[in-house]
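Take a look at the structure below.
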Amino acid sequence: MTTAPAIELKGISKAFGPVQANKDISISVQPGTIHGIIGENGAGKSTLMSILYGFYKADKGEIFIKGQKTAIPDSQAAIAAGIGMVFQHFKLVENFTVLENIILGAEDGGLLRPSLAKARKELAHLAAEYELNVDPDALIENLSVGHQQRVEILKALYRQAEILILDEPTGVLTPAEADQLFRILDRLREEGKTIILITHKLREIMDITNTVSVMRRGEMTATVKTSETSPEHLAELMVGRKVLLRVDKKPATPGETVLEVEKLRVIDDKGVERVKGIDLHVRKGEILGIAGVAGNGQSELLEVLGGITDATGTIRMNGTNLPLSGKGAHGQSRRHAGIAHVPEDRQREGLIMEYTAWENVVFGYHLDPEYQKGMLMDNAGIQATAQEKMDRFDVRPPHPKLAAKNFSGGNQQKIVLAREIERNPDLLLIGQPTRGVDIGAIEFIHQQIVQLRDQGKAILLVSVELDEILSLSDRIAVMFDGHMMGERDPAKTDEKELGLMMAGISDTKATQEQAHG
Amino acid sequence: MGKMPHWADIVLIPLISLLLAAVLSSLVILAIGENPIAAFKLMVDGALMRSAGWGYTLYYATNFMFTGLAVAVAFHARMFNIGGEGQAMLGGLGVAFACLYIPWPHWSIAILGASTAAALFGAFWALIPAYLQAKRGSHIVITTIMFNFIAAALLNYFLVNVLRPPRSMDPATAKFPEPTHLPSFQDMFSTAENPLFRGAPANVTFFIAVAACFLVWFLIWRTKLGYEIRAFGFSESGAKYAGISPVRITVIAMLISGALAGLMSVNTTMGESERLVLNSTEGAGFIGIAVALMGRSHPFGVFLAAILFGFLYQGGAELALWTDIPRELIVVIQALVILFTGALDNMVRMPLEKLFLALRKGDA
Amino acid sequence: EPALIFDLGGKFDKSFNEAAFNGAQRWAEETGGKFLEIELQSEAQREQALRRFAEAGANPVITTGFAFATPVETVAPDYPDTKFVNIDGWMPEVPGNVQLIGFQEHQGSYLVGMMAAMASKTGTVGFIGGMDIPLIRHFGCGYAQGAKAVNPDIKIVANMTGTTPAAWNDPVKGSELTKAQISQGADVVYAAAGGTGVGVLQTAADENILSIGVDSNQNHLHPGKVLTSMLKRVDVAVYNSMKAGDAMETGGFTILGLAEEGVGVAYDDNNAPLVSDDMRAAVAAAREQIISGDLEVVAYYANDSCPAHDF
Amino acid sequence: MDFMTLLQLLDTTVRLATPLLLACLAGLYSERAGIFDIGLEGKMLAAAFFSAAFAYSTGSVWLGLLAGIGISLVLSAIHGLASITFRGNQLISGLAITMLAGGMTVLIAQDWFSQGGRTPQLEGAARFNPITLPFAEALRDVPFIGPLYYELISGHPILVYIALALVPITWWVLFRTRFGLRLRAVGENPASVDTAGVSVVTLRYSAVMICGVLCGLAGAYLATALQAGFVKDMTAGRGYIALAALIFAKWRPWYALWATLLFGLFQALELRPDLIESALGVKVQVQLLGALPYILTVVILAGFVGKAIPPRAGGEPYVKER
Ligand SMILES: Nc1ncnc2c1ncn2[C@@H]1O[C@H](COP(=O)(O)OP(=O)(O)OP(=O)(O)O)[C@@H](O)[C@H]1O
Ligand SMILES: Nc1ncnc2c1ncn2[C@@H]1O[C@H](COP(=O)(O)OP(=O)(O)OP(=O)(O)O)[C@@H](O)[C@H]1O
Ligand SMILES: [Mg+2]
Ligand SMILES: [Mg+2]
């Protein structure tokens, strides 16, 4: 039986100014399948999908939907052609309710009331059918990322999408949430819907897709049946060389305690308690991994340790108490105390995107006498230092005078790491070290972290990637709702147990369930 | 890699934008029944072809340099200081107090004292909005506008009730004593056989303004503070991460901005009128915004833009002297310059980028 | 050829500057001559305009407004062959080629104050000034003295429009101030506020009370609603200076008061129905007394205070 | 202060608050859609001039109003062009438009009427005259209600009632209609609107144009209702005060009404030093009195409003492709 492909792209090209994001790309997706797309950062995956969704206009090329040549000048046309898309960065209005977001652009008539009523009914229906439960009256900004993603999927389904594009949907999800997402995708596939899935996680590709395409530097380099390939092979296709997918590390030899945290509490601007009295310690030569679903207080913990947010409680660094609020509670004093901090969000915090790489290489340490020359900053000296560090961390391109925003995500992360690791800190705080970073860069970043540990440094790692936590940590602590749920030895636990703890199933209960399961 | 060569970005685009503004201005002049070419010639003759014309052009440019730098410094910290006008008024009060109540032996010392007073008073007037912005989140655009109005009232109070000499009608101070009079360009450059800058108000303050351009450049691109100001301006969350206190930077940047705006009054009050008059600021605080924008917040750009606006001011005065064109024409021309160079700059940039891209593709 | 420099208010303010312009216009029509003119836009242009006109051979160079006193004082010695005139200004020592022309505004204001008090039925009269400067208080002070002379118990409501030059040009505020004064009982309002006065006169007409114009004869703006105008014959001063030309006498003060017809009260067809014979008689009598010196109207800036009203 | 005085004070408040309210609502539409507009002042000014000029020339205030709205729309289109189409800096564009209006009005007025940048005085049908609401005369003598109705509620020009009616209408449009939902969304996150298949550009232009219409009303009110003609710079900073009120109102229609009434009250109080003196028992410096509305604005912004969060995409041009 030969059916027309659900989607066929022919010769798509797209340039952003001098950047050729897509070069003569052709791809065909069969109906009722899940089609994976992988590729390094900046390979052009998102761009290609955005063209299909009418968000960008292709410079060249044709689009066929169900065999019909279709012009997609804007998203309206894409929606009409039955295409729905969940973007890498959600396109939701934060201070609108779920319902308002759902109907936006798909209202019936000029008045809202009937549209809202209709959407409420339809939503209940969809929720029942696909297990996509969200409170229709909740404000988006109060929802977890996982729920926000559900809203995006609901938006597409509400518009009766037959073809659903998901751009890196699992980057922000817990394993449980990811599993649930895949169950939903499975169900959709069974109903005959077509799904395109972009991800950096080869395991997901292997688990769920029927076919997979690989992109590299704007070109489509291969399309293979998932059943006929392996993760190693895909990684090689993506990066163009062999990649080590496992972290290679010796057992830890922890020394004395570097950081002690007691009864730490954080209350945010809105008066909500985000961290509810936690204790922890990190020793020399070990990596303490903190697992948890985003939004359970890990970010706040990092920010307090990094001197960004005020808190109450005690933090002892090498035996000395650090101030937690008021004067002295800031990033500078933390750095003096020997704490380096790779923040979770490199673009908002870790880097000044408009600054050049060399300016970013001293960011946070810019007051150090070593970077000063009299009253002025020693720009020439800093540039030389930056060049050295960038070379050592294989930042590409190795140009200190290029603005940070012109580096890809992975290379931006390398700049931050180069800065923080090269300062030779006693304690390294590191949040989401590989978020949105491709396989090649992940490998490198993981190696650096382990090396630092082996030099006898203390490392506090926060990540929502359980894989990462499991493979890097020497001890694992799980946070839920501002509490510490308990600690595990990575050798003696698994994703399932951690997943349950992350969902707030209490420590003992988790062990029990573990025992039963 | 950029889409256009750097020179095109900083030279070609402003030039074309200026040209567009000039064309539109010509149409306006035509519409009110005058000859734009003759008008333009009159402006150039009056502002650039005589030394006295330069004396005026540079006098105005001095004002605009100070206010332009003030706006630029605040811009680097991502703040929009619309309060230059009020800060300059307060600066004027500072100059007046310094010149009237302290017996200076010589102008060279007096100018130091008066500049300090002007900077302090201007900075003080920027302090409150800055503090409110940093601590209370009160929008600085609104508070600085309000502070312009309040400054006008304050200045008026002092001039009418405190500083006005008895019997004088004018809400102005008495003439400052002789030792505070600053050497004008005429004093400095004229010789008996070759009189230059006759009667023009440009004075030593011009050199202070030029020095201020250099200093601001150093401050912003060569010092720790400048590094922190720019970092804060680009990303407040980034600044917090690095341990840069937003409150501190907001306040310091605004203090510097206010001080620069305040310094303008040294030129007008000490240099030109030699007394403090009510409207000595004459909207230079607002022109400063345009100057900073046109100069892309870079001191050298500010310098050039200030001279352009100085030319427009002086050329406009010449128009008003010798033709029937109302003085508001100059306001219109300024508005068009600001519109085209500041707001509609992409109208020129977008096609140019395409052009350069096509050229480069052609080369490759 | 003579030159005329208007102060920052602009030449068509319907009062002071416009009067100067009218004088120049009259001279031009009568003699067929031409004159140079400029409206300033900046403080620094004061000297510039003076110098440029002097260098261009203009003679005399006439300036309106007290703010020109200092620049004229500075510039005049550089151009000994040019004669300078300043209206309203004051300087401690008058250079030999400068003539200052001043008006006894308080005298004229005294007379309109009398008329206001006589026309008022409520026993409350209003005064609306432009920018709060001594000159305007000087107007108001004469007005208050005149009103009190007629009715010692009269209530005088006085407001200034503002503290910046914008106060000369804020008819909206003038209008609201008039309404506020009406609600305080005022039924005659004297506006000494340049362009702002336009709003005052308008609202007074709208609300059916009487108003008093200033500088030029403004009776025609709202016929039958403007009680009178306090004339300040800037036009005559300008006309005379232009006519005298180079022969003009300089080096001193010309004071134009009631005696010289420099200030006065406007009677014409527009306000004829409003002015009773009693009023005319009383005003004429007071005028004689002031001219003869039997009655002294205190000038506000004699010692910066007013005996009849606390500004 | 007796009842009548209070009524008169409030009456003045309403009159002075009306242009602020119209401008504030204008800004509200624009800023809710993500386009900052500090050019309200300029649009009002241009509208004031054109409405007065056309009302004078045609003898009909309604034609004048149309002309005022027309020119305000033209300036809005320029602002839209700069900030939407060409993604320019919205603050600069607003500033330039204000300057342009300041210069052009005088230039054209001078060329047209030769009265020093002023229009001739408007009379009769060339002005919006106060309208007496039904029963105002009849009820006048009823205690309390009568004067309240007659003095305060009745007797304003039609534009005052239009401005007041626009408050609930704006609320309804923003929060009860599809257009309002999209408008608010485009000010918060234009990408959400774009990916929902709705044109960001069209939405933003409509918001900017509505802003133009309201500024047109505000300007026409100044020149043909509050005053009988145009004089240069007659807006006297009202556009900026309206912006302050908008922030104070946190971009909400009903709050905008209260905020502008408060500012109107400040301005009304400034006109009544006698009341302030009798209330405080001391004489207040005129300069202080004049600065009072501005000082109070700062105090309120600092003390009561706290951080007012503007629409999140406000002031940023929507750029899909770098
Ligand atoms: N709006 C844009 N304007 C300019 N350049 C862009 C834009 N979007 C993407 N690009 C560039 O196009 C190229 C492809 O980007 P794209 O986002 O499609 O990559 P990707 O494969 O999705 O990467 P990632 O895995 O990081 O999401 C990159 O070099 C990127 O910088
Ligand atoms: N203004 C720009 N001009 C030219 N190229 C740019 C520009 N900005 C970014 N790039 C290119 O974009 C790429 C980075 O793209 P992008 O922003 O998509 O990062 P990313 O890898 O997708 O990171 P993340 O996944 O964290 O968003 C780099 O290859 C860089 O050369
Ligand atoms: Mg990306
Ligand atoms: Mg992507």
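Throughout, protein chains are lettered first and strands after them, A, B, ... in sequence-line order, and every chain is numbered starting at 1.
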Original post:
Based on non-hydrogen pairs under 4.5 Å, which of A/Ser115, A/Ala106, A/Gly109, A/Ala80 is most in contact with chain D?
Top reply: A/Gly109

Original post:
When heavy-atom pairs shorter than 4.5 Å are enumerated against chain D, which of A/Ala77, A/Gly84, A/Ser75 gives the highest number?
Top reply: A/Ser75

Can you tell me how far [atom2] of [Y] sits from [atom1] of [X], rounded to the nearest 0.5 angstrom?
{"X": "A/Leu112", "Y": "D/Leu174", "atom1": "CG", "atom2": "CG", "result": "10.5 Å"}
{"X": "D/Leu181", "Y": "A/Asn101", "atom1": "CG", "atom2": "CG", "result": "8.5 Å"}
{"X": "A/Ile103", "Y": "D/Arg182", "atom1": "CD1", "atom2": "CZ", "result": "9.5 Å"}
{"X": "A/Gln76", "Y": "D/Asp194", "atom1": "CD", "atom2": "CG", "result": "10.5 Å"}
{"X": "D/Phe175", "Y": "A/Glu100", "atom1": "CZ", "atom2": "CD", "result": "9.0 Å"}

Subject >> Steps toward side-chain contact (heavy atoms from CB on, under 4.5 Å) verdict (D/Trp172, A/Leu111) >> reply: CA-CA 10 Å; D/Trp172 183 80; A/Leu111 296 185; 3.5 Å; yes

Subject >> D/Arg184 portion near chain A, given a 4.5 angstrom heavy-atom threshold >> reply: both

**OP:** Identify the two heavy atoms, one from A/Ile79 and one from D/Gly197, that lie closest to each other, and give their separation to 0.1 Å.
**Re:** CD1-N, 4.1 Å

**OP:** Could you pull out the closest heavy-atom pair between D/Ala185 and A/Val93, with the gap in Å?
**Re:** CB-CG2, 3.8 Å

Please say whether more than 12 non-hydrogen atoms of neighbouring residues, nucleotides or ligands are located less than 6.0 Å from [atom1] in [X].
{"X": "A/Arg348", "atom1": "CZ", "value": "no"}
{"X": "D/Phe179", "atom1": "CZ", "value": "yes"}
{"X": "A/Lys23", "atom1": "NZ", "value": "yes"}

Original post:
Hey, are the side chains of D/Ser192 and A/Leu92 touching, using non-hydrogen atoms and a 4.5 Å cut-off?
Top reply: no

Original post:
Any side-chain heavy-atom pair from A/Phe96 and D/Asn189 closer than 4.5 angstrom?
Top reply: no

Original post:
Any side-chain donor paired with an acceptor under 3.5 Å for A/Asn95 and D/Glu188?
Top reply: yes

